[in-house]
Amino acid sequence: MASELSRWEPMRELSNLRDEMERMFRQAFGGEVDETSLAGAWSPALDVEETEDAFEIHLEAPGIKPDDIELTLEEGVLTISGERRFYADKSEEGFRRVERRFGRFHRALRLPAPVDAAKVEATYRDGLLSVRVPKAEAAKPRKIEIKPT
């Protein structure tokens, strides 16, 4: 009997639960149901690292072209949205199994400190989107000199 170990990711499970509950409420109460709800909306995994000078966000985006990703920063909220499209040259009929998620995604992160929106940089390499959001000078820790009296 083969056993498989998988890493428990409680935050991802909570996010998936929230997405599913939102979809069920929209359906139950007559709200609009978009294609991503019917297809099983997905959220690419991401990491957020805080350094002394910036926030570093790394989002897994294999199979997504950089032109299909949109980044916005407004009032301290970084929004990453985009779409992973199903194989353009293939029909779904021939597939026996499809485990990867396709369709639109939307991630919004409220950054916990003021940032310098003019200096945000984003790079994309090997399916990984990296976004560097520098902190505003006022948010950076500073050493305060103690003067003898």
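Here Lys119 pairs with Asp116 under the salt bridge (Lys or Arg N to Asp or Glu O under 4.0 Å) rule; sequence neighbours left out. Under the salt bridge (Lys or Arg N to Asp or Glu O under 4.0 Å) criterion, Arg97 pairs with Glu99, not counting sequence neighbours. Under the ring pair (Phe, Tyr, Trp, His ring centres under 6.0 Å) criterion, Tyr124 pairs with no residue at all, not counting sequence neighbours. By the side-chain hydrogen bond (donor to acceptor under 3.5 Å, both in side chains) test, His106 pairs with no residue at all, sequence neighbours left out. Partners of Arg110 under the side-chain hydrogen bond (donor to acceptor under 3.5 Å, both in side chains) rule, at least two apart in sequence or in another chain, do not exist in this structure. Looking at residues two or more places apart in sequence or on another chain, you find no side-chain contact (heavy atoms from CB on, under 4.5 Å) involving Arg125. By the salt bridge (Lys or Arg N to Asp or Glu O under 4.0 Å) test, Arg132 pairs with Glu56, sequence neighbours left out.
Closest approach of Ala54 and Pro134 over heavy atoms only: CB-CA, 3.7 Å.
Note that the CD atom of Glu49 and the CZ atom of Phe55 stand 11.0 Å from one another [nearest 0.5 Å]. Atoms CZ and CZ, on Arg100 and Phe86 in that order, are 8.5 Å from each other to the nearest 0.5 Å. The CD atom of Glu50 lies 9.5 Å from the CG atom of Leu111; values are rounded to the nearest 0.5 Å. How far NE2 of His58 is from OG1 of Thr123: 8.5 Å, rounded to the nearest 0.5 Å. Put simply, CZ on Arg107 and CG on Leu46 are 4.0 Å apart, with the number rounded to the nearest 0.5 Å.
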Solution key, residues 63-82 side-chain donor-acceptor pairs under 3.5 Å, sequence neighbours excluded:
residue, atom, partner, partner atom, Å
Asp68, OD1, Arg85, NH2, 3.3

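A distance-only check finds a donor-acceptor pair linking the side chain of Arg84 to the backbone of Pro62 [under 3.5 Å].
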**OP:** Walk me through it: do Leu59 and Leu128 pass the test side chain to side chain contact (heavy atoms under 4.5 Å, CB included)?
**Re:** CA-CA 6 Å; Leu59 181 124; Leu128 185 68; 5.8 Å; no
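Side-chain contact check for Phe105 versus Ser43: every heavy-atom pair is 4.5 Å or farther apart.
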